[in-house]
Amino acid sequence: MVRVLVGVKRVIDYAVKIRVKPDKTGVITEGVKHSLNPFDEIAVEEAVKLKEKSVAKEIIAVSVGPTQSQEVIRTALAMGADRGIHVEVPAKEAELLQPIHVSKILAKLAQDEKVDLIIVGKQAIDDDANQTAQMTAAYLDWPQGTFCSKIEKVGDGYKIEREIDGGLESLNLKAPAVLSADLRLNTPRYATLPNIMKAKKKPIKKVTPSDLGVDTAPRIEIVSVEEPPVRQAGSVVPDVDTLISKLKEGGHVK
Ligand code: AMP
């Protein structure tokens with residue numbers, strides 16, 4: 001049976017309207033609702049399903065981030081993960097944390113914890129990087145299956161389906177492997193109250209990147225963050241003829 005490591009990132013909730021800081025150095029995070037990254041909920045759900053099918057014996061939820069990242073670890077524990085690892089990074093530094101840092105951390109923990117499978121989300125909805133699975137696989141020299149919409153344990157490896165432009169690709173991967181969860185992989189369960197209570201007793205180990213020998217010094221500098229341009233108001237035309245003549249005027253139709 002396999003030991004699974006799942007990446008769980010704390011991000012601004014998908015329903016929150018993002019506001020840019022007046023000095024354009026980033027987005028406003030204070031007083032804003034945060035949640036477990038939606039693709040990571042799917043990753044946790046898949047790991048729990050593998051445990052229910054007796055493929056996985058243990059699920060470790062890892063979050064790299066500030067103190068509050070423990071909240072998303074608790075969510076993963078309430079969904080069925082067995083234990084958590086919080087890699088604590090001060091809030092200011094966490095804003096500049098990049099997939100390269102997280103990948104090094106996940107790769108190191110995978111070796112230390114002797115895991116056989118890593119599942120992460122296909123992307124974190126805050127920075128939309130979509131790099132962590134790929135870089136983690138590269139650091140470990142493990143095969144990668146990204147954008148999974150189906151994961152099956154077959155023999156001593158995995159058969160996955162991944163969503164690609166215009167279709168599906170099926171791959172067989174040797175274990176150990178790194179997989180990333182796409183939207184249609186599953187529908188994550190809600191944590192029930194008894195499971196939320198049980199999750200409070202599950203252990204969360206705290207470590208720092210330097211304990212793991214990972215340097216998190218930023219390699220990029222944020223020059224400016226800006227709001228998207230405000231959409232121009234549309235106009236209402238009384239009938240199709242006016243619409244066509246307006247389109248002709250604008251050179252959109254001949
Ligand atoms: P990204 O490459 O940043 O788009 O993130 C892809 C996936 O990597 C996320 O869905 C998470 O599963 C994982 N990940 C990224 N950053 C973190 C983090 N700070 N802590 C834990 N997992 C993370």
Side-chain angles (χ1 to χ4, degrees), residues 4-14 26-27 29 34-48 59-77 79 81 83-110 113 115 117-140 142 144-149 151 162-163 177-186 188 204-209 211-212 214-216 218-220 222:
V4 191
L5 192 112
V6 185
V8 291
K9 186 176 188 188
R10 176 180 179 266
V11 295
I12 294 184
D13 189 88
Y14 72 93
V27 301
T29 53
H34 284 70
S35 305
L36 173 56
N37 182 47
F39 291 108
D40 303 358
E41 272 184 39
I42 299 173
V44 174
E45 174 65 33
E46 198 62 20
V48 175
I59 305 166
I60 310 167
V62 178
S63 193
V64 189
T67 316
Q68 301 93 315
S69 296
Q70 286 201 17
E71 294 159 15
V72 299
I73 298 180
R74 288 279 169 221
T75 306
L77 297 177
M79 287 175 71
R83 61 188 171 98
I85 301 179
H86 176 209
V87 184
E88 187 155 29
V89 177
K92 268 269 146 274
E93 280 175 37
E95 279 177 24
L96 290 173
L97 207 62
Q98 288 182 263
I100 195 164
H101 306 125
V102 177
S103 306
K104 284 181 183 171
I105 290 169
L106 294 182
K108 178 73 170 60
L109 286 173
E113 301 289 338
V115 308
L117 178 65
I118 299 179
I119 313 180
V120 293
K122 80 160 175 182
Q123 75 192 53
I125 62 163
D126 49 4
D127 299 328
D128 278 347
N130 177 3
Q131 294 169 7
T132 305
Q134 296 86 334
M135 286 191 188
T136 308
Y139 278 123
L140 289 164
W142 289 4
Q144 58 179 277
T146 50
F147 316 133
C148 293
S149 54
I151 298 173
R162 55 193 300 269
E163 297 189 0
V178 180
L179 305 177
S180 81
D182 210 330
L183 198 62
R184 278 164 285 275
L185 180 59
N186 59 48
I204 298 181
K205 185 162 90 180
K206 218 156 124 172
V207 294
T208 64
D211 292 338
L212 303 170
V214 176
D215 175 11
T216 51
R219 296 175 174 214
I220 54 161
I222 297 175

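We use all heavy atoms of the structure for the numbers below, so side chains are in, but hydrogens, waters and symmetry mates are not. Just so it is clear, the model here is predicted, and its values are computed rather than measured. As the structure lists them, so they are numbered: ligands from 1, and atoms in each ligand from 1.
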The protein heavy atom nearest to atom 19 (N) of ligand 1 is Val64 O, 2.8 Å
Quick one: CZ on Arg184 to CD1 on Ile42, what's the gap to the nearest 0.5 Å?
9.5 Å
Region of Asp127 engaging ligand 1 - heavy atom pairs below 4.0 Å:
neither
protein heavy-atom neighbour closest to atom 9 (C) of ligand 1 works out as Asp40 OD1, 3.4 Å
Counting each atom of ligand 1 from 1 as listed, which ones have a heavy atom of Val8 under 4.0 Å away?
20 (N), 21 (C), 22 (N)
Quick test: of every protein heavy atom, which one is nearest to atom 7 (C) of ligand 1, and how far off is it to 0.1 Å?
Gly121 O, 3.2 Å
For Ala107 and Leu140, which heavy atoms make the closest approach, and how far apart are they?
O-CD2, 3.5 Å
Among the heavy atoms of Val102, does any lie under 4.0 Å from an atom of ligand 1?
yes
Can you pull out the closest protein heavy atom to atom 16 (N) of ligand 1? Residue, atom name and distance to 0.1 Å, please.
Lys9 CD, 3.4 Å
Nearest-0.5 Å distance, CD1 of residue Ile118 to CD of residue Glu113:
11.5 Å
As an exercise, state the distance from NZ of Lys104 to CE of Met135, rounded to the nearest 0.5 Å.
9.5 Å
I'd like to know if the side chain of Ser180 reaches the main chain of Gly121, judged simply by a donor and an acceptor atom lying under 3.5 Å from each other, with no hydrogens or angles considered.
no
Hey, is Ala43 one of the residues with a heavy atom under 4.0 angstrom from ligand 1?
no
Taking distance alone, with N or O pairs closer than 3.5 Å, would you say Leu106 contacts ligand 1?
no
Measure from the side-chain N and O atoms of Asn37 to the backbone N and O of Gln123, and report whether any donor-acceptor pair falls under 3.5 Å.
yes
For the residue pair Gly84 and Leu77, what are the closest heavy atoms and their distance?
N-CD2, 4.0 Å
Is Asp128 close to ligand 1, meaning an N/O of one under 3.5 Å from an N/O of the other?
no
Geometry only, no angles: is Leu97 polar-contacting ligand 1 at N/O separations under 3.5 Å?
no
Does ligand 1 have a heavy atom under 4.0 Å from the side chain of Val87, from its backbone, from both, or from neither?
neither
Considering Val44, Val62, Ile42, Val120 one by one, which has a heavy atom nearer to atom 13 (C) of ligand 1 than any of the others?
Val120
Determine whether the side chain, the backbone, both or neither of Asn37 has a heavy atom under 4.0 Å from any heavy atom of ligand 1.
side chain
Within the 4.5 Å heavy-atom criterion, are Val62 and Ile85 side-chain neighbours or not?
yes
Quick check: does any side chain N or O of Arg162 sit under 3.5 Å from a backbone N or O of Thr146, one acting as donor and the other as acceptor?
yes
Would you mind listing which atoms of ligand 1 come within a distance below 4.0 Å of any non-hydrogen atom of Ala129?
1 (P), 2 (O), 3 (O), 4 (O)
When you compare the side chains of Ser63 and Gln70, does any donor N or O come within less than 3.5 Å of an acceptor on the partner?
no
Counting each atom of ligand 1 from 1 as listed, which ones have a heavy atom of Asn130 under 4.0 Å away?
1 (P), 2 (O), 4 (O)
Starting from atom 1 (P) of ligand 1, which protein heavy atom do you reach first, and at what distance in Å?
Thr132 OG1, 3.4 Å
Is there a salt bridge (Lys or Arg N to Asp or Glu O under 4.0 Å) between Lys9 and Asp127 once you walk through the steps?
CA-CA 11 Å; Lys9 186 176 188 188; Asp127 299 328; 3.5 Å; yes
List every atom of ligand 1 that sits less than 4.0 Å from any heavy atom of Ser63, numbering the atoms from 1 in the order shown and giving each element.
20 (N), 21 (C)
